[in-house]
Amino acid sequence: MASSWLILALLPALCLGTLPSSHAARAFFVFGDSLVDNGNNNYLVTAARADSPPYGIDTPDHRATGRFSNGKNVPDIISEHLGAEPVLPYLSPELDGDKMLVGANFASAGVGILNDTGIQFANVIHISKQLLYFQQYQKRLSSLIGAEQTARLVHGSLVLITLGGNDFVNNYYLVPYSARSREFSLPDYINYILSEYRQILTRLYDLGARRVLVQGVGPIGCVPAELALHSLDGSCDRELQRAAEMYNPRLMALLEELNARYGGGVFVGVNMQRIHNDFIEDPKAYGFETATQACCGQGRFNGMGLCTMVSNLCADRDTYVFWDAFHPTERANRLIVQQFMSGSTDYIAPMNLSTVLAVDLHKEQMRT
């Protein structure tokens, strides 16, 4: 869940030589939560699923795919910009053979930085297991194309990781006097989850990632689910906003520290709080009618409960920032990715994704 999302970009574009030319040279790997899950949870017995209508209502076949959206999510749209087909969920039986050259999506709705985040959803793929699956993927691919080609593919890939929102919404603030809120003050909790995130990002680097997009936490106090619980007039919940505003600059500082250690271009931070705040502060300037009401839901702000066939459903999804109680519509996702591609350093730093792609292409051309 997040609007203000940071993106770290790991992206050296390496030519894969003997790999089939029909596949993009840059593979794409996705880790994280429901903002980027494209169907892994369909294969799990869990409450965190989006595999039934009206999810997917605006896909070509109007079929729910497991994405928490009316249509495409952020990874799908990034794949469009890469000129590649969407990556498959890692648990999909279709992910085999040539399909593996495109990359894989390991994300699972409900997870966070901490492994105790999302336990109420039962079976989810916690980030530690997502990283184990990434190792497993590399072994599987090595059996197809060899270890050297696999290492080149991973080093030349783009990685997107989206974590953090659930550590607040579905952990620290899940219930009054939650276990974590009794254990930590908010500043100490942020220190703790960032120390854990450092290990996750370091592990990604150790597994070969060299361009990582890291999404930070959005304005979690402004999503319809929180407005339904805490807002009388549609104004954002101050305590959740305070958490996001404390966390995001610290995450950016962590990325700068890691870049100083590994090299300036490995981690690219995208300020999704800033991107989403643009929609919230002036939705009509971006063609939206509302940034407080969910398109699909019930109760106040359509933010209560799940999006189901018996929920209220808006007629024009393009005029809503939020599809359901937590997640953006496809149109909002497209505007978000546009800032990934061309945003100033206020939105994505140290450079936007278009610049990253151009830099990597130039480096590759200099090598060949």
Trainee: Please tell me whether F134 and F29 form a close aromatic pair, meaning their ring centres lie under 6.0 Å apart.
Mentor: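 Ring centres of F29 and F134 closer than 6.0 Å.
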Trainee: With sequence neighbours excluded, what pairs up with D233 under the side-chain hydrogen bond (donor to acceptor under 3.5 Å, both in side chains) test?
Mentor: S235
Trainee: Answer yes if the ring centres of Y262 and Y205 are under 6.0 angstrom apart, and no otherwise.
Mentor: yes
Trainee: Under the side-chain hydrogen bond (donor to acceptor under 3.5 Å, both in side chains) test, which residues partner N171, sequence neighbours left out?
Mentor: D116, T117
Trainee: Please say whether more than 12 non-hydrogen atoms of neighbouring residues, nucleotides or ligands are located less than 6.0 Å from CG in L229.
Mentor: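 Atom CG in L229 is packed in, count exceeds 12.
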Trainee: Test your reading of the model: is there a side-chain donor-acceptor pair from T319 to the backbone of D316, 3.5 Å cut-off?
Mentor: yes
Trainee: Looking at H362 and A358, would you say the former's side chain and the latter's main chain have a donor-acceptor pair under 3.5 Å?
Mentor: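 It does not hold such a pair.
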Trainee: Quiz question: by atom type and distance under 3.5 Å, do the side chains of S142 and Q138 form a donor-acceptor pair?
Mentor: no
Trainee: Taking D237 for the side chain and H230 for the main chain, is one N or O donor matched with an acceptor at less than 3.5 Å?
Mentor: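 Flag not set: sc D237 to bb H230 has no pair under 3.5 Å.
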Trainee: Taking only residues two or more places apart in sequence, or in another chain, which ones meet L186 in a side chain to side chain contact (heavy atoms under 4.5 Å, CB included)?
Mentor: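 Partners of L186 under the side chain to side chain contact (heavy atoms under 4.5 Å, CB included) test: F168, Y172, Y173, I190, E239, R242, A243, M246.
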Trainee: Does any pair with a residue in residues 172-225 pass disulfide (SG to SG under 2.5 Å), and if so which ones, sequence neighbours excluded?
Mentor: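 Matches after skipping sequence neighbours: C222-C236.
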Trainee: Kindly say whether R331 contributes a backbone atom to a donor-acceptor pair with the side chain of R317 at under 3.5 angstrom?
Mentor: no
Trainee: Step through the shown structure and confirm whether more than 12 heavy atoms of other residues, nucleotides or ligands are within 6.0 Å of CZ on R140.
Mentor: yes
Trainee: By side-chain hydrogen bond (donor to acceptor under 3.5 Å, both in side chains), which residues pair with E183, not counting sequence neighbours?
Mentor: R180
Trainee: Please give me the minimum heavy-atom distance between F121 and T46, naming the atom from each residue.
Mentor: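 Smallest heavy-atom distance, with atoms named: O-OG1, 2.7 Å.
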Trainee: Between T345 (side chain only) and I348 (backbone N and O only), is there a donor and an acceptor less than 3.5 Å apart?
Mentor: no
Trainee: Closest heavy-atom contact between L163 and G32?
Mentor: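 Residues L163 and G32, closest heavy atoms: CD2-CA, 3.7 Å.
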Trainee: To check you understand the geometry: which heavy-atom pair defines the closest contact between F279 and L335, and what is its length?
Mentor: CZ-CB, 3.6 Å
Trainee: Between E256 and R261, does the salt bridge (charged side-chain N to carboxylate O under 4.0 Å, His left out) criterion hold? Intermediate values first, please.
Mentor: CA-CA 9 Å; E256 291 175 4; R261 176 179 174 184; over 6 Å; no
Trainee: Cut-off 3.5 Å, no hydrogens considered: what does the side-chain donor-acceptor table look like for residues 103-111, sequence neighbours left out?
Mentor:
{"from": "N105", "atom 1": "OD1", "to": "A107", "atom 2": "N", "distance (Å)": "2.8"}
{"from": "N105", "atom 1": "ND2", "to": "V36", "atom 2": "O", "distance (Å)": "2.9"}
{"from": "N105", "atom 1": "ND2", "to": "N38", "atom 2": "OD1", "distance (Å)": "3.4"}
{"from": "S108", "atom 1": "OG", "to": "N41", "atom 2": "OD1", "distance (Å)": "2.6"}
{"from": "S108", "atom 1": "OG", "to": "I125", "atom 2": "N", "distance (Å)": "2.9"}

Trainee: Taking atom OH of Y43 and atom CG of N123, what is their separation to the nearest 0.5 Å?
Mentor: 16.0 Å
Trainee: Using the test side chain to side chain contact (heavy atoms under 4.5 Å, CB included), find all partners of S195 that sit at least two apart in sequence or belong to another chain.
Mentor: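 Side chain to side chain contact (heavy atoms under 4.5 Å, CB included) check on S195 returns Y192.
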Trainee: Which pair of heavy atoms, one from L82 and one from R26, lies closest together, and at what distance?
Mentor: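 Residues L82 and R26, closest heavy atoms: CD2-CD, 4.1 Å.
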Trainee: With sequence neighbours left out, write down each residue that passes side-chain hydrogen bond (donor to acceptor under 3.5 Å, both in side chains) with R198, or none if nothing qualifies.
Mentor: E257
Trainee: Kindly give the heavy-atom pair with the smallest separation between A64 and P53, and that separation in Å.
Mentor: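 Nearest heavy atoms, A64 then P53: CB-N, 4.1 Å.
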Trainee: Is there a donor-acceptor contact under 3.5 Å linking the side chains of T65 and R67?
Mentor: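 Yes, because at least one side-chain N or O of T65 sits under 3.5 Å from a partner of the opposite role on R67.
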Trainee: When you group the ILVMFWY residues by side-chain heavy-atom contacts below 4.5 Å and let the links chain together, are V159 and V30 in the same group?
Mentor: yes
Trainee: Shortest non-hydrogen contact from Q149 to I145?
Mentor: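 Looks like CB-O, 3.5 Å.
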Trainee: If you apply the rule side-chain hydrogen bond (donor to acceptor under 3.5 Å, both in side chains), what do you find for S79 with D76, and how did you get there?
Mentor: CA-CA 5 Å; S79 289; D76 295 325; 5.8 Å; no
Trainee: Please check if any side-chain donor atom of S185 sits under 3.5 Å from a side-chain acceptor atom of D188, or the reverse.
Mentor: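 Result is yes, a qualifying pair exists.
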Trainee: Output yes when a side-chain donor or acceptor of R334 lies under 3.5 Å from a complementary backbone atom of K72, and no otherwise.
Mentor: no
Trainee: Using a distance-only test with no angle check, is there a side-chain donor-acceptor pair under 3.5 angstrom linking Y55 and D324?
Mentor: yes
Trainee: Scan residues 104-211 for pairs that pass disulfide (SG to SG under 2.5 Å), counting only residues two or more places apart or in two chains.
Mentor: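 Not a single pair qualifies under disulfide (SG to SG under 2.5 Å).
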Trainee: Between the side chain of E330 and the main-chain N/O of N70, is any donor-acceptor distance below 3.5 Å?
Mentor: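 Not a single qualifying donor-acceptor pair exists.
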Trainee: Do any pairs count as a disulfide (SG to SG under 2.5 Å) and have a residue in residues 248-306, sequence neighbours left out, and if so which ones?
Mentor: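 For residues 248-306, and leaving out neighbouring residues, the disulfide (SG to SG under 2.5 Å) pairs sorted by first residue read C295-C314, C296-C307.
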Trainee: Got a donor-acceptor contact below 3.5 angstrom from the D98 side chain to the L101 backbone?
Mentor: no
Trainee: Excluding sequence neighbours, so at least two apart, what forms side chain to side chain contact (heavy atoms under 4.5 Å, CB included) with Q298?
Mentor: S311, N312
Trainee: For a quick check under 3.5 Å, do N191 and R250 share a side-chain donor-acceptor pair by atom type?
Mentor: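 Side chains of N191 and R250: pair found under 3.5 Å.
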Trainee: Using salt bridge (Lys or Arg N to Asp or Glu O under 4.0 Å) as the criterion, list what pairs up with R63, not counting sequence neighbours.
Mentor: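 Here the qualifying residues are D61.
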Trainee: Would you say the side-chain atoms of S34 and H327 include a donor-acceptor pair closer than 3.5 Å?
Mentor: yes
Trainee: Can you tell me if S354 uses its side chain to pair, donor with acceptor, with the backbone of M341 under 3.5 Å?
Mentor: yes
Trainee: Is the number of heavy atoms from other residues, nucleotides or ligands within 6.0 Å of CD1 (I57) greater than 12?
Mentor: yes
